[in-house]
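Written out below as structure tokens is the structure these notes cover.
In what follows, every heavy atom counts, from backbone to side chain, and hydrogens, waters and symmetry copies are set aside.
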Amino acid sequence: MGKAGADLSVEQAYAAARLAGLAMLARIRLVAGSLDRVARVVKVLGMVNAAPDFREQPKVINGFSDLMVEVFGDAGRGARAAVGMAALTGQMAVEIEMVIELKEEPMMTGNTDAQIRHVYEQWHETIKVRDIDGLMALYAEDAVFETPFILAILKDKTEGILKGRGAIRAFFEAGFRNPESGLGRWYRTGTFFANGRQLVWEYPRETPQGDQVDLVEVMDMADGLIAHHRVYWGWVGFKALAGVMNKPVP
């Protein structure tokens with residue numbers, strides 16, 4: 001907060017502009033999903049809360065522009081204006097408006113409600129009865145599967161990511177052969193969340209029969225199939241996972 005040339009030096013106002021840039025990047029990532037979606041910076045309007053005789057507005061807004069170049073390279077250089085203002089809201093040092101161009105989002109194709117519900121119901125059922133063929137029919141050929149449990153089941157793996165239906169099948173086949181996998185009763189409430197491209201549900205810790213391994217399943221969907229499956233573990237799940245990490249798999 002404050003006026004450049006009165007309360008703040010050029011360096012302090014530069015830092016304020018950089019801070020505004022960090023906030024802008026965080027907002028872009030939230031809205032666009034990833035900074036990788038930014039194709040280029042189109043235009044920047046930098047407004048500096050400046051004393052009447054302050055003439056270094058461009059140097060102040062460089063704090064913002066330099067950050068954009070650090071993050072996006074030459075794509076971070078856009079048309080720019082840096083102007084002095086008699087006052088800004090809340091006495092903030094700078095206010096910055098930016099226009100960016102986004103790359104076409106590599107969005108997964110939309111899925112019908114019936115397709116989403118089919119995966120929601122069938123994944124659960126095939127897991128419970130250990131139907132490997134039925135389970136694999138729900139995954140795309142090039143699907144990605146992420147869970148730390150991979151390291152417990154497949155002892156030769158050094159990371160919890162599998163790519164391709166074949167690798168995912170090998171994981172579940174090994175898990176189905178392991179009676180001490182600690183995956184519990186597979187109770188769920190029947191509530192799930194979906195937006196046509198992503199399916200999310202929880203296996204809660206508390207069940208009518210007591211505690212179980214707590215997991216959140218997140219599935220990115222494409223053409224009615226699971227394209228990217230991530231499993232997030234709760235505290236009980238973490239303890240169960242830690243308990244089997246060093247046990248040999250039968």
Considering only NZ, NE, NH1 and NH2 on the basic side and carboxylate oxygens on the acidic side, decide whether [X] and [Y] come within less than 4.0 Å.
X: Arg169; Y: Asp133; result: yes
X: Lys59; Y: Glu11; result: no
X: Arg165; Y: Asp142; result: no

Counting C-beta onward and ignoring hydrogens, is there a side-chain heavy-atom pair between [X] and [Y] closer than 4.5 Å?
X: Tyr120; Y: Arg188; answer: yes
X: Lys157; Y: Glu159; answer: no
X: Asp214; Y: Trp233; answer: no
X: Asp74; Y: Val69; answer: no
X: Met98; Y: Ile28; answer: yes
X: Phe149; Y: Val231; answer: no

Polar contact flag, side-chain donor to acceptor under 3.5 angstrom, [X]-[Y]:
X: Glu217; Y: His229; answer: yes
X: Arg80; Y: Asn62; answer: yes
X: Thr189; Y: Trp201; answer: no

Gap separating the [atom1] atom of [X] from the [atom2] atom of [Y], nearest 0.5 angstrom:
X: Met85; Y: Gln57; atom1: CE; atom2: CD; answer: 10.5 Å
X: Phe64; Y: Leu45; atom1: CZ; atom2: CG; answer: 10.5 Å
X: Ile150; Y: Lys155; atom1: CD1; atom2: NZ; answer: 13.0 Å
X: Ile226; Y: Trp123; atom1: CD1; atom2: CH2; answer: 8.0 Å
X: Leu22; Y: Arg27; atom1: CG; atom2: CZ; answer: 15.5 Å
X: Tyr187; Y: Arg205; atom1: OH; atom2: CZ; answer: 13.0 Å

Distance-minimising heavy-atom pair for [X] and [Y]:
X: Met221; Y: Ile116; result: CG-CD1, 3.8 Å
X: Trp186; Y: Gln212; result: N-OE1, 3.3 Å
X: Val60; Y: Val10; result: CG2-O, 4.4 Å
X: Gly46; Y: Ile61; result: CA-CD1, 3.6 Å
X: Ile153; Y: Ala174; result: CG2-CB, 3.4 Å
X: Phe171; Y: Thr147; result: CZ-CG2, 4.3 Å

Exercise for review: May I have the step-by-step check of side-chain contact (heavy atoms from CB on, under 4.5 Å) for Glu70 and Met68, ending in yes or no?
Suggested key: CA-CA 5 Å; Glu70 286 179 32; Met68 295 303 117; over 6 Å; no

Quick one: does any side-chain atom of [X] pair with a main-chain N or O of [Y] as donor and acceptor, under 3.5 Å?
X: Glu121; Y: His118; value: no
X: Asp223; Y: Leu225; value: no
X: Asp220; Y: Gln198; value: no

Exercise for review: Please lay out, stage by stage, how Tyr14 and Leu19 fare under the test side-chain contact (heavy atoms from CB on, under 4.5 Å).
Suggested key: CA-CA 9 Å; Tyr14 176 101; Leu19 182 61; over 6 Å; no

Review point. So, for Tyr203 and His124, is the gap between ring centers shorter than 6.0 Å?
Key: yes

**Study point:** Distance flag, aromatic centroids of Phe145 and Phe172, threshold under 6.0 Å
**Key:** yes

Review point. So Asp36 and Lys103, salt bridge (Lys or Arg N to Asp or Glu O under 4.0 Å) or not? Walk me through it.
Key: CA-CA 8 Å; Asp36 291 337; Lys103 300 172 185 175; over 6 Å; no

Practice item. Give a yes/no verdict on a cation-pi contact between Arg117 and Phe192, requiring under 6.0 Å between NZ or CZ and the six-membered ring centre and an angle within 45° of the axis. Key: no

Any link between [X] and [Y] through a network of hydrophobic side chains (Ile, Leu, Val, Met, Phe, Trp, Tyr) touching at under 4.5 Å?
X: Tyr139; Y: Ile161; value: no
X: Leu199; Y: Met136; value: yes
X: Leu35; Y: Leu67; value: yes
X: Val42; Y: Met47; value: no
X: Val144; Y: Val119; value: no

Check your understanding: What do the steps show when you test Glu101 against Arg40 for salt bridge (Lys or Arg N to Asp or Glu O under 4.0 Å), and what is the final call?
Key -> CA-CA 5 Å; Glu101 177 186 347; Arg40 66 186 178 104; 2.6 Å; yes

Check your understanding: Checking side-chain contact (heavy atoms from CB on, under 4.5 Å) for the pair Glu95/Leu88: CA distance, chi angles, key distance, verdict?
Key -> CA-CA 7 Å; Glu95 184 172 347; Leu88 291 174; 3.8 Å; yes

